[in-house]
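By convention in this document, chain letters (A, B, ...) are assigned in the order of the sequence lines, proteins followed by strands, and residues within each chain are numbered from 1. On a predicted model such as this, the values are computed, not experimentally measured, just so you know.
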Number of protein chains: 2
Amino acid sequence: MRTLRAGASRLPAQIQVVRTGAGGTTRPAAIGPAPRDAIVVGECVAEMDRLPAGSVDLVFADPPYNLQLENALSRPDQSLVDAVDDDWDKFVDFAEYDAFTRAWLAAARRVMKPNATIVVIGSYHNIFRVGSILQDLGFWILNDIVWRKTNPMPNFRGRRFTNAHETMIWAARGQDAKGYTFNYEALKAGNDDCQARSDWLLPICTGGERLKDKAGRKTHPTQKPEALLARVLIAASNAGDLVLDPFFGSGTTGAVARRLRRSYIGIERDPSYAAAARARIAAVEPLDDEAVAIAPTRRNEQRIAFASLVETGVVAAGERVFDARRRHCALVRADGTLAAGPAIGSIHKIGALVQGLPACNGWAFWHVERGGDLTSIDVFRADARASLREAAGL
Amino acid sequence: MRTLRAGASRLPAQIQVVRTGAGGTTRPAAIGPAPRDAIVVGECVAEMDRLPAGSVDLVFADPPYNLQLENALSRPDQSLVDAVDDDWDKFVDFAEYDAFTRAWLAAARRVMKPNATIVVIGSYHNIFRVGSILQDLGFWILNDIVWRKTNPMPNFRGRRFTNAHETMIWAARGQDAKGYTFNYEALKAGNDDCQARSDWLLPICTGGERLKDKAGRKTHPTQKPEALLARVLIAASNAGDLVLDPFFGSGTTGAVARRLRRSYIGIERDPSYAAAARARIAAVEPLDDEAVAIAPTRRNEQRIAFASLVETGVVAAGERVFDARRRHCALVRADGTLAAGPAIGSIHKIGALVQGLPACNGWAFWHVERGGDLTSIDVFRADARASLREAAGL
DNA sequence: GCCAAATTTGAATCGATAG
DNA sequence: ACTATCGATTCAAATTTGG
């Protein structure tokens, strides 16, 4: 349970709902600056075509699964399973589903920034079509991610394995897009300092989180858990980023985006879903900046030159550096290079040379003698960074 | 360890190796009764075309994955990863891979009995192509099954999630094939009387099971674990059934089939792989008829990430954690890290930092306020474990 | 011989930047 | 588009080496 704090009740005035004309048929034009924190009622391809190219940082899509249910399914006690039988999940054949998929993925790709990524969730009914078309359109798959459900619906007929997972495909806009957002360090720190895997274990959406009408019927048949979206947004976006969800449904993406201080655009063709999403998001309290700011990573830390350690005397010119087991050693020169026999070069080059390797991280490899023990030169780099931060008033 | 029993040492006289003419180009004809317990050296499409239609009970296929590796990958210690760079995994583009896939799947479909099923394993590189083509050819997908690896290769660059699983697609010959084999009760009985799920946790193939040459080099780059094949054969075939593997490789399918008293046909185009498979299978001791039952693995999967407690709201992002005597405190961030002043890191790292210690068990150290009192976060971890066990039906 | 420590390895579409 | 440089990056399990 989340409790309200001071300021919690302020309304999200920035939430807008844009409506297409009745019928919601194709209607291009628009292409101003992309709206932020908006729900658009309309067809997703037409509405994406109205957004400016290269404007969103992340796409999360939960498209129709193209379930092929021919008969009603009943439980062993003869009660009826409330299956997905909505019009939006009816496709005549694979060709039609493929054409639909190609259209919305192409539209999504246009509005993605060059370094944006896309996450599409699906089941075996549709995910192979989606994955193939993603590849055909030039997307570059980064991972397929398995959402393992702690509490899946059992297989009542006993003719298959319990369908206990869904699959997400995470893809960059293209093979050359190397600068995509992946908050590796944050995910690792949140996972007992162990790198995050491609299989995620999470419960399905139930209980108080599941939207229901007054009669207790679920508002949307495939509402995704907020925990799933939270992990997606934390992994592949930063605070302030713009997240597009072309199949907004009950608005889980918007609710989590607002809580994590991302902006969102949700496109939904059913006005009643859009209304439910709007009310839901309005009740969300964004987290404090501090709770969602990007964790600093080693990648974006201040660079320290080994030469500056020598200049300041932290490591003395003329002393010797060793590897952790004293199998190799080298001489520190006044200009911040090392000498090993006739060879002179950077801490990395000489580290690689003495080991006969193509490369080496000299910061991790070399140590100096302090009080009889060996101390990694990386310790002195960390000290230098700390004093730099202090000097900067942090 | 399997011990030899009376009659155990009889040689598998029925193992035959059939060879195509040199070059192994297309060579139809044949179509007598299907061979049993045979390894055929040749191209899989041509060799399948020589088998009679409707003759096999199960197809297991581990086709080339179409990896598209451009550069060498080295570990942090500069050792080189032995990547798959074999000729059989070279395709110029997706179109060529698709044509190849369509050809072998169509050939396999012809030789399947009406109620036969097929299992194809792959990774995100190829599985979406395979799944789409299966559907296009009229196969009816029954499940996608996730093989979760207990010991996957880590992601060395920190740019993606650890690729910790592979995907199998299990499909019937067509939508109308209702009489396929699925040993539901056996799987359930072997799984603590709990329905078998679509996610399987198994180690990769290492140790004594991994075939190696005299120099210690692995015989085949992608040898699958026998436990995986055993579960497939137990689930989708019966003793005496004929199992076809068109990409036989090191012969895992044949070895497990022989042990579980199924017959097999293995097609392999590389004579040296076929020879290794033949020797391997000859050493396998078939189980007693009654012993052909299930040995399920339920491994400890108790690891709970602090991030998952935050995602599910058990611990709220934005709240504060304290040590038992409230001498230290930190802020819970949405990604499951803690913030103490400017420092951000895991529960362990920040616990160590605030105490000025080199290490700290964050689970034991940190507490949250609940009803005015402090509760150890380890209590919530224990709760999460308990509900996991419950969800697993234990 | 036994236990501890060190080493090896696995289907991988795995950098950024300056010049 | 290319090269050279800097320096960032790993988990589980089996096997080998050392004490």
(request) For DNA chain D, produce a single dot-bracket line, 5' to 3'. Pairs: Watson-Crick or G-U wobble, both distances under 3.5 Å. Symbols: ( ) within strand, [ ] crossing, | other strand, . unpaired. (result) .|||||....|||||||||
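- No hydrogens or angles were tested; on distance alone, nothing pairs the side chain of A:Lys349 with the base of D:dA4 as donor and acceptor under 3.5 Å.
- Of the candidates C:dC14, C:dG10, D:dT10, the closest approach to any side-chain atom of B:Arg75 belongs to C:dG10.
- Counting only heavy atoms from C-beta outward, the side chains of A:Trp366 and A:Phe306 never approach each other to under 4.5 Å.
- At a threshold of 4.5 Å between non-hydrogen side-chain atoms, the residues B:Pro225 and B:Trp147 count as touching.
- Checking the phosphate oxygens (OP1, OP2) of C:dG15, no side-chain nitrogen or oxygen of A:Tyr180 falls inside 4.0 Å.
- Among the heavy atoms of the strands, none lies under 4.0 Å from A:Leu142.
- Applying the side chain to side chain contact (heavy atoms under 4.5 Å, CB included) test to A:Ala352 and every residue at least two apart in sequence or in another chain returns A:Cys360.
- Atom P of nucleotide C:dT9 and atom NZ of B:Lys149 are separated by 17 Å, given to the nearest angstrom.
- Looking at heavy-atom distances under 4.0 Å, B:Ala72 makes contact with a base.
- Backbone-only contact: B:Asp82 has heavy atoms under 4.0 Å from sugar-phosphate atoms and none from a base.
- Residue B:Asp85 places no side-chain atom within donor-acceptor reach of the base of C:dA12, judged by atom type and a 3.5 Å distance cut-off alone.
- Rounded to whole angstrom, the span from the CZ atom of A:Arg197 across to the P atom of D:dT10 amounts to 16 Å.
- Checking D:dC11, D:dG7, C:dA11 against the side-chain heavy atoms of A:Ala359 singles out D:dG7 as nearest.
- Residues of residues 206-217 of chain B that place a heavy atom closer than 4.0 Å to DNA chain D, in numerical order, are B:Thr206, B:Gly207, B:Gly208.
- The side chain of B:Arg157 sits closest to C:dC14 out of C:dC14, C:dA11, C:dG10.
- Here the side chain of B:Thr222 is nearest to one of D:dG7, D:dA12, C:dA11, namely C:dA11.
- Candidate nucleotides D:dT10, C:dA12, C:dA11 were compared by shortest atom distance to the side chain of B:Asn163, and C:dA12 ranks first.
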